[in-house]
Amino acid sequence: MKIVVIGGTGLIGSKTVERLRKKGHEVLAASPNSGVNTITGEGLTETLTGAQVVIDLANSPSFEDKAVMEFFETSGRNLLSAEKWAGVKHHIALSIVGAERLPNSGYLRAKMVQERLIKDSGIPYTIVHSTQFFEFLGGIAQSATVGDTVPLPSAYFQPIASDDVADIMAEVALSTPINGTIEIAGPEPVRMSDLVARFLKATNDPRKVIADPHARYFGTELEDGSLVPGDHPRIGAQRFEDWFSHASPWPH
Ligand SMILES: NC(=O)c1ccc[n+]([C@@H]2O[C@H](COP(=O)([O-])OP(=O)(O)OC[C@H]3O[C@@H](n4cnc5c(N)ncnc54)[C@H](OP(=O)(O)O)[C@@H]3O)[C@@H](O)[C@H]2O)c1
């Protein structure tokens with residue numbers, strides 16, 4: 001089966017491509033570097049010709065509110081219209097647990113627009129809502145840093161390892177579209193401020209995390225239930241310690 005992975009060179013994209021190739025599928029890792037650009041439209045029709053499944057794992061180069069909205073809106077429109085032309089049978093996208101609950105975040109508003117375009121496209125689809133990746137803990141710390149401190153919400157989240165996400169994305173690609181959303185999460189709910197503090201300590205980072213219920217996470221305040229999944233998520237196997245023990249490039 002021909003499968004196109006948009007953003008196939010990224011964190012989740014490259015791992016998903018590897019898993020599907022191992023199963024013997026013809027998998028194209030599409031990205032601007034390989035001549036496929038969902039913003040300009042470059043290379044889209046050629047790449048999608050003959051494809052049955054498209055997995056959209058692209059991400060915006062900028063997380064600034066206006067830029068990220070433009071990215072997911074333009075990318076979604078161009079990609080879905082090229083998929084319609086090519087007769088793609090299953091569109092899969094990776095979005096975020098709780099995105100619909102947090103309209104004050106510009107990034108999450110943009111993900112909701114991406115989801116709306118998919119639902120309105122008429123192409124059979126599966127949307128995967130994931131919690132934050134462990135690999136994103138450094139990015140969370142970076143986005144909240146003020147001098148030597150990192151004020152962060154004390155609300156719960158339930159992060160997942162990128163390897164577990166990629167296992168599930170590859171499985172979804174080989175399944176029938178559900179025209180709905182599934183949720184995936186890591187095995188443990190934990191307070192964001194606690195886990196980021198553990199991560200910084202484990203990486204010998206001197207910044208000090210300050211737990212503050214009113215601190216913003218990408219533009220929005222969080223409640224305990226904002227970023228945790230509902231009743232029946234699929235659960236990734238790796239706990240923080242499992243992931244950290246083989247993650248790189250941090251010294252440990
Ligand atoms: N971070 C999290 O915790 C989290 C949680 C849940 C869901 N997600 C979602 O997961 C998805 C994948 O995230 P990730 O961290 O794996 O992304 P990533 O590592 O930043 O990779 C982004 C990919 O998008 C490609 N890309 C950028 N602009 C493009 C364009 N104009 N046309 C085609 N491809 C383009 C990049 O290609 P180049 O390498 O050539 O630039 C790269 O392959 C995102 O949609 C994100 O919203 C993230």
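Both ligands and their constituent atoms are indexed starting at 1 by order of listing. Sequential numbering from 1 along the given sequence is applied to the chain's residues.
- On a distance-only criterion, Ile6 and ligand 1 share no N/O pair closer than 3.5 Å.
- Under the 30°/60° scheme for interplanar angles, the aromatic rings of Phe240 and Trp243 are found to be tilted.
- The contact set between ligand 1 and Lys111, taken as ligand atoms under 4.0 Å from a residue heavy atom, comprises 44 (C), 45 (O), 46 (C), 47 (O).
- Side-chain contact between Leu227 and Leu102 is present, with heavy atoms from C-beta onward closer than 4.5 Å.
- With a heavy-atom cut-off of 4.0 Å, Val36 touches ligand 1 through its backbone alone.
- For atom 3 (O) of ligand 1, the nearest non-hydrogen atom of the protein is Phe133 N, 2.9 Å.
- Using a 4.0 Å cutoff on heavy atoms, Thr131 counts as a contact of ligand 1.
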Show your reasoning for whether side chain to side chain donor-acceptor pair (under 3.5 Å) applies to Thr220 and Ser105.
-> CA-CA 5 Å; Thr220 186; Ser105 160; over 6 Å; no
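- Considering only non-hydrogen protein atoms, atom 16 (O) of ligand 1 sits nearest to Ile12 N, 3.0 Å.
- For atom 10 (O) of ligand 1, the choice among Leu94, Leu108, Leu79 with the nearest heavy atom turns out to be Leu94.
- Between Ile123 atom CD1 and Glu83 atom CD the span is 4.5 Å, to the nearest 0.5 Å.
- Taking only nitrogen or oxygen atoms, main chain and side chain alike, Phe71 does not reach within less than 3.5 Å of ligand 1.
- In summary, Lys15 and Asp164 do not engage in a salt bridge, as defined by a charged side-chain N under 4.0 Å from a carboxylate O.
- Summary of contacts: the protein heavy atom closest to atom 26 (N) of ligand 1 is Pro32 CD, 3.9 Å.
- Residue, atom and distance of the protein heavy atom nearest to atom 38 (P) of ligand 1 are Thr9 OG1, 3.7 Å.
- Atoms of ligand 1 lying under 4.0 Å from at least one heavy atom of Gln132, given by number and element, are 3 (O).
- In summary, Asp148 and Lys208 do not engage in a salt bridge, as defined by a charged side-chain N under 4.0 Å from a carboxylate O.
- Of the candidates Val190, Ile184, Ile235, Ile235 is the only one forming a side-chain contact (heavy atoms from CB on, under 4.5 Å) with Gln158.
- Contact annotation for atom 41 (O) of ligand 1: protein absent (non-hydrogen atoms, distance under 4.0 Å).
- If you check the side chains of His214 and Glu221, you find a donor sitting under 3.5 Å from an acceptor.
- Looking at ligand 1, you won't find any N or O of Ile96 less than 3.5 Å from one of its N or O atoms.
- In this structure, Lys111 NZ and Glu100 CD are separated by 13.0 Å, a value rounded to the nearest 0.5 Å.
- Classified by interplanar angle (parallel below 30°, tilted 30° to 60°, perpendicular above 60°), the ring pair Tyr107/Phe218 is tilted.
- Residue, atom and distance of the protein heavy atom nearest to atom 25 (C) of ligand 1 are Gly7 CA, 3.7 Å.
- Closest to atom 13 (O) of ligand 1, if we only count protein heavy atoms, is Asn59 ND2, 3.9 Å.
- For ligand 1, the atoms closer than 4.0 angstrom to any heavy atom of Asn37 are 30 (C), 31 (N), 32 (N).
- Given atom 47 (O) of ligand 1, the protein heavy atom at minimum distance is Tyr107 OH, 2.6 Å.
- Note: Arg21 CZ to Glu18 CD = 9.5 Å, rounded to the nearest 0.5 Å.
- Although no hydrogens or angles enter the test, the distance criterion places no donor-acceptor pair under 3.5 Å between the side chain of Lys119 and the main chain of Leu117.
- Interface of Gly10 with ligand 1, defined as ligand atoms under 4.0 Å from a residue heavy atom, comprises 19 (O), 21 (O), 42 (C), 43 (O).
- Ligand 1 has no N or O atom lying under 3.5 Å from any N or O atom of Ala30, backbone or side chain.
- Within 6.0 Å of CD on Glu223 lie no more than 12 heavy atoms contributed by other residues, nucleotides or ligands.
- Summarising the contacts of atom 7 (C) of ligand 1 with Ser130, Ser95, Ser14, the nearest heavy atom is found in Ser95.
- The protein heavy-atom contact nearest to atom 12 (C) of ligand 1 is Leu57 O, 3.4 Å.
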